[in-house]
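Residue numbers start at 1 and run along the sequence shown.
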Amino acid sequence: MPEIIEINDITIPELKPYTDTSELELKNSEIPMFIAESPKVIRTAIGAGYEPISLLTERKYIEGQAKDIIEKCGNIPVYTASSQLLTALTGYKLTQGVLCAMKRKKLPDADELLSGCERVAVLEDVMNQTNIGAVFRSAAALGFDAVLLTPSASDPLYRRSVRVSMGTVFQLPWTYFSDADYISQLKKVGFATAAMALRKDTVKINDPRLMSEKRLAVILGTEGEGLKESTIDACDYMIKIPMSHGVDSLNVAAASAVAFWQLGRHE
């Protein structure tokens, strides 16, 4: 049975994951963890096998929208208080009244993850957490098998990315490349590589050659600088989305959705 703990002192050490501890510190703590927000996201994480450590919820939700979550979490502490006190504790109004500290899973090796995939998205040095969450959501919805990130990219389990992804970061396999020459790594295991880049020698995103590739990796870069020139030069294809009205490009979140719809494997 869970232990319901009424909060009177917002400075107790047990609440640090929810208050002043940075997300990077949570990631690198003795028990690597992250914070999941909202009942929907927490349910998705639990369903994907992530282990809850503790819950923080408004008192009124214990017998409401958090009831089934509490029942699924087993014997963990459930910290609770009024909405006003929890807002003072976290610094903002809780998203639908529930937060959950959860253990991170060990990430798979990139080659291990790629072995079972035909369509993957690669994020090169993408730091914007909103964009990362949006890319995951589009990849999950539009027929991609996994997302891989370069070491400099932001963490998909940071709170904003999880929230924007609507929990798909828990459902879609992902990991980081450890090798800086990740294009060679992709090609070695049989992937054709397609860089989304603004170049004159690009092919249109609906080019039949792209759709005929059995295994395809779509490479996306940052909002401002885009992909590295060395990355673009190493790829098999440079692809673009045809534009109108003088618009030269979409942001990475919107561009990814278009690319995944065109190039994904649809049922």
Side-chain angles (χ1 to χ4, degrees), residues 17-18 22-24 26-27 32-53 55-56 65 69 72 90 92 94-108 110 113-114 117 119-177 196 217-223 250-267:
Y18 301 105
S22 74
E23 292 188 288
L24 183 59
L26 289 177
K27 180 180 180 180
M33 67 179 76
F34 65 93
I35 302 296
E37 286 186 31
S38 85
K40 176 180 173 59
V41 168
I42 295 167
R43 291 185 190 105
T44 302
I46 293 172
Y50 284 86
E51 182 180 347
I53 298 171
L55 281 165
L56 177 66
Q65 60 186 348
I69 295 172
K72 292 175 182 177
T90 60
Y92 58 91
L94 294 187
T95 303
Q96 298 185 55
V98 191
L99 296 176
C100 185
M102 311 194 87
K103 290 183 181 178
R104 288 174 175 265
K105 294 181 180 181
K106 182 180 178 181
L107 292 176
L113 180 58
L114 290 167
C117 298
R119 291 290 187 270
V120 299
V122 177
L123 298 180
E124 182 181 275
D125 301 345
V126 176
M127 291 297 296
N128 185 288
Q129 295 173 23
T130 297
N131 285 338
I132 286 179
V135 169
F136 266 84
R137 188 173 182 182
S138 294
L142 299 173
F144 271 58
D145 302 311
V147 177
L148 294 98
L149 306 95
T150 60
S152 297
S154 186
D155 187 341
L157 292 185
Y158 281 174
R159 196 177 297 184
R160 181 180 292 275
S161 295
V162 171
R163 183 169 63 248
V164 173
S165 81
M166 294 299 290
T168 53
V169 295
F170 307 128
Q171 299 170 312
L172 197 67
W174 64 274
T175 195
Y176 288 97
F177 286 107
M196 297 198 71
V218 178
I219 322 295
L220 302 114
T222 60
E223 287 285 348
L250 301 172
N251 71 19
V252 67
S256 72
V258 175
F260 299 161
W261 167 250
Q262 179 64 46
L263 301 172
R265 300 293 195 192
H266 305 296
E267 295 183 358

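Residues meeting the side-chain contact (heavy atoms from CB on, under 4.5 Å) test with Pro151, sequence neighbours left out: none. For Arg43, the side-chain hydrogen bond (donor to acceptor under 3.5 Å, both in side chains) partners two or more places apart in sequence, or in a different chain, are Asp68. Contacts of Asp125 classified as side-chain hydrogen bond (donor to acceptor under 3.5 Å, both in side chains), with partners at least two apart in sequence or in another chain: Thr150. Partners of Lys105 according to the salt bridge (charged side-chain N to carboxylate O under 4.0 Å, His left out) rule, which considers only residues two or more places apart in sequence or in another chain, do not exist here. Residues satisfying the side-chain contact (heavy atoms from CB on, under 4.5 Å) criterion with Arg137, sequence neighbours excluded, are Met166, Thr168. The side-chain contact (heavy atoms from CB on, under 4.5 Å) test applied to Ala134 returns Val164, Ala253, not counting sequence neighbours.
With rounding to the nearest 0.5 Å, the separation of CZ in Phe170 from CG in Leu157 is 6.0 Å. Here Ser138 contributes atom OG and Leu172 contributes atom CG; the two are 11.0 Å apart, rounded to the nearest 0.5 Å. In this structure, Cys100 SG and Ile42 CD1 are separated by 5.0 Å, a value rounded to the nearest 0.5 Å. How far CG of Leu99 is from CG of Leu56: 5.5 Å, rounded to the nearest 0.5 Å. Distance CZ/Phe34 to CD/Glu23: 11.0 Å, rounded to 0.5 Å. Distance check, rounded to the nearest 0.5 Å: OH of Tyr176 to CG of Leu123 gives 9.5 Å.
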**Request:** Give the intermediate values and the outcome of side chain to side chain contact (heavy atoms under 4.5 Å, CB included) for residues Asp155 and Arg104.
**Result:** CA-CA 12 Å; Asp155 187 341; Arg104 288 174 175 265; 2.6 Å; yes
**Request:** Would you please test Thr222 and Val252 for side chain to side chain contact (heavy atoms under 4.5 Å, CB included) and show each step?
**Result:** CA-CA 7 Å; Thr222 60; Val252 67; over 6 Å; no
**Request:** Carefully, step by step, assess Val41 and Arg163 under the rule side chain to side chain contact (heavy atoms under 4.5 Å, CB included).
**Result:** CA-CA 7 Å; Val41 168; Arg163 183 169 63 248; 5.7 Å; no
**Asked** Could you go step by step and tell me if Met196 and Val218 meet the side chain to side chain contact (heavy atoms under 4.5 Å, CB included) rule?
**Response** CA-CA 7 Å; Met196 297 198 71; Val218 178; 4.0 Å; yes
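Counting only distance, with no hydrogens or angles, the side chain of Tyr18 and the backbone of Ala101 share a donor-acceptor pair below 3.5 Å. Remark: the backbone N or O of Ile219 is not paired with any side-chain donor or acceptor of Glu124 at under 3.5 angstrom. Side chain of Arg119 to main chain of Leu263: a donor-acceptor pair is present (N/O by atom type, distance under 3.5 Å, no hydrogens or angles).
Under the 30°/60° scheme for interplanar angles, the aromatic rings of Phe260 and Phe144 are found to be tilted.
Heavy atoms only, all atoms of each residue included: Lys27 and Pro32 are closest at O-CB, 3.3 Å. Looking at every heavy atom in both residues, Leu113 comes nearest to Leu148 through CD2-CG, 4.2 Å. Contact record, Val135 with Ser256: CG2-OG, 3.6 Å, taken as the closest heavy-atom pair. Scanning all heavy atoms of the two residues, the minimum distance from Met127 to Ser152 falls at SD-O, 2.8 Å. Shown here for Pro156 and Val169, the closest heavy-atom pair between the two residues is O-CG1, 3.7 Å. Closest non-hydrogen pair, Gly167 versus Thr44, comes out as O-CG2, 3.5 Å.
Annotation: side chain of Val98 is in contact with side chain of Leu55 (closest heavy-atom distance under 4.5 Å). When side chains are defined from C-beta on, Ile132 does not count as touching Tyr158, because their heavy atoms never get closer than 4.5 Å.
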